[in-house]
Amino acid sequence: MTESGASLAALALKQEELFPIREVSRLTGVNPVTLRAWERRYGLIQPTRTDSGHRLYSLADVEAVRSILSWIERGVSVSKVGKLLARSQAARVPAAPVYQEVASGEWSEWRAQVRGALSSLDEAELERVYGQVFSTYPLPVVFADVLMPVWRDLLLRQDEVGRGSEWALLDSFLRGRVLQRLQLARCGQPERVLLAPLSGQERELELLVTGLLLGSDEVSVSVLGLGQPFAELERVCERLRPQALVLFSHQPPGDDLAASLTRLALGLDCPLALAGETADLLAEELEGTPVACLGSEGRLMQRRLRQFLAGHLDT
């Protein structure tokens, strides 16, 4: 990846690429009528307009459409998606505009390399790109801005010819690498935080990556399996005596989830926190309860967990 002035300029120009509505529809599978409705009724997307009134969408707009689609497929109503997108944007760590523009272009190029390896089902090339990305960026950037966006995009497009195989390769590859990193991170650290799935509907890779993002030199994270019963979490914590229990979910919460979490927190001998997109949905309901919301943004979850363990994060 060159760092010449010419390359940086090209990356900046690439970020300015705009797409007409028909191209956005082709890229995302969302028809133009729906795209216009999301804009007019809910303000979810705000494309720029040409002098003649035609809509033009940026790469960020395309990613926003895919995020909206992902939430809707999980059962979240369109009227609630706007709040989730706003929370996600607010949670992002501010970056200098020039850096953000250039870095986003670089991440796009790395994602293209990952997609190239997957399109050929070339695991050796995928391994090479994976190693290069990790030698270039810190762990949160690698997963949040390069690898997981490709994984989520393929997940939504599995009905397209060949995409299912590409997603399966990437999912298997990343699960193996993340498990290995989690095991290495736990070596020699007796104190630990338990991370458990809130329901059996979670995807294992997202759970494992969350464990990796939460961990640090001071905090070791052990991930419980997808089959972990919610009713037995209190007993598990009695036996393992963790520093804290963190529950993870990306699924829409049930009406009684906040009450169930509060009851669990009162029965535990350790603090309880919630991570993932469910934490964004329940943040307001859980204010003033013993349950802390760590959010879903990789760069902030770890910091919030450390604050929570130190008693400095309000619940």
Side-chain angles (χ1 to χ4, degrees), residues 66-76 80-81 84 87-88 91 140 143-144 147-158 164 167-183 185 192-215 221-234 236-237 240 242 244-258 260-261 264-265 268 272-283 285-286 291-298 300-302 304-305:
R66 287 173 174 157
S67 295
I68 295 165
L69 190 61
S70 176
W71 274 112
I72 292 172
E73 290 183 346
R74 289 176 186 155
V76 177
K80 293 182 179 180
V81 171
L84 294 170
R87 283 184 181 274
S88 177
F143 282 99
L147 298 175
M148 294 308 288
V150 177
W151 181 88
R152 292 189 185 100
D153 181 51
L154 290 173
L155 178 64
L156 292 172
R157 300 168 62 190
Q158 288 190 78
W167 179 85
L169 172 59
L170 183 59
D171 182 70
S172 175
F173 177 88
L174 291 179
R175 279 190 289 113
R177 301 312 182 276
V178 174
L179 275 170
Q180 184 180 51
R181 286 178 176 272
L182 283 169
Q183 291 165 356
R192 60 178 173 174
V193 166
L194 288 183
L195 176 67
L198 190 55
S199 73
Q201 300 178 29
E202 314 305 333
R203 294 193 177 271
E204 186 182 28
L205 179 60
E206 291 178 314
L207 174 68
L208 295 174
V209 169
T210 297
L212 199 59
L213 294 174
L214 285 173
V221 178
S222 293
V223 181
L224 302 180
L226 291 182
Q228 172 61 49
F230 181 86
E232 296 183 13
L233 287 171
E234 188 174 340
V236 170
C237 290
L240 299 180
L245 171 65
V246 179
L247 297 179
F248 165 82
S249 178
H250 276 343
Q251 304 302 320
D255 294 336
D256 61 344
L257 180 57
S260 297
L261 293 175
L264 175 62
L268 293 174
L272 176 65
L274 181 63
E277 291 166 345
T278 303
D280 294 327
L281 284 166
L282 279 184
E285 282 189 64
L286 291 174
V291 185
C293 287
L294 305 181
S296 59
E297 214 288 314
L300 293 184
M301 285 192 301
Q302 184 189 92
R304 287 175 176 167
L305 177 60

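Being a predicted model, the structure only gives us computed values, none of them experimental.
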- Query: Would you say S222 and L194 make side-chain contact, with heavy atoms under 4.5 Å?
  - Reply: yes
Smallest heavy-atom separation, R192 atom then L240 atom, equals NH2-CD2, 3.2 Å
**OP:** Please report the C-alpha distance between R152 and E206 in whole Å, then the side-chain angles of each, then the deciding distance to 0.1 Å, and finally whether the salt bridge (Lys or Arg N to Asp or Glu O under 4.0 Å) criterion is met.
**Re:** CA-CA 10 Å; R152 292 189 185 100; E206 291 178 314; 3.7 Å; yes
In this structure, CH2 of W167 is separated from CG of L205 (nearest 0.5 Å) by 8.5 Å
Heavy atoms of A196 and L224 approach each other most closely as CB-CD1, 3.8 Å
>> What verdict does the side chain to side chain contact (heavy atoms under 4.5 Å, CB included) test give for V223 and F248, after you've listed the backbone C-alpha separation in whole Å, the side-chain angles of each residue and the deciding distance to 0.1 Å?
In response: CA-CA 10 Å; V223 181; F248 165 82; over 6 Å; no
Would you say that L264 contacts L272 through its side chain, given a criterion of any heavy-atom pair below 4.5 Å between the two side chains? yes
Candidate pair L213 and Q302, rule side chain to side chain contact (heavy atoms under 4.5 Å, CB included), full reasoning
CA-CA 6 Å; L213 294 174; Q302 184 189 92; over 6 Å; no
Value for CD (Q228) from CG (L247), rounded to nearest 0.5 Å, stands at 9.5 Å
Next item on the list: Using the side chain to side chain contact (heavy atoms under 4.5 Å, CB included) rule, take L155 and R203 through it: C-alpha gap first, then chi angles, then the decisive distance, then the call.
Entry: CA-CA 11 Å; L155 178 64; R203 294 193 177 271; 3.6 Å; yes
Heavy atoms of A283 and C293 approach each other most closely as CA-SG, 3.8 Å
Applied to residues 248-257, the side-chain hydrogen bond (donor to acceptor under 3.5 Å, both in side chains) test, sequence neighbours excluded, yields E202-S249, S249-T278
Between the CZ atom in F230 and the CG atom in L257, the distance rounded to the nearest 0.5 Å is 7.0 Å
CG (L174) and CG (L169) are apart, to the nearest 0.5 Å, by 9.0 Å
On a heavy-atom basis, the closest approach of A144 and P149 is O-CG, 3.4 Å
Here the gap from L147 atom CG to L170 atom CG, rounded to the nearest 0.5 Å, amounts to 7.0 Å
Between L274 and L282, does a side chain to side chain contact (heavy atoms under 4.5 Å, CB included) hold up when you go through it step by step?
CA-CA 9 Å; L274 181 63; L282 279 184; 4.1 Å; yes
dist L294:CG -> M301:CE (nearest 0.5 Å) comes out at 7.5 Å
Between D280 and S296 the two heavy atoms that sit nearest each other are OD2-OG, 2.6 Å
In short, L226 meets P197 closest at the heavy-atom pair CA-CG, 3.7 Å
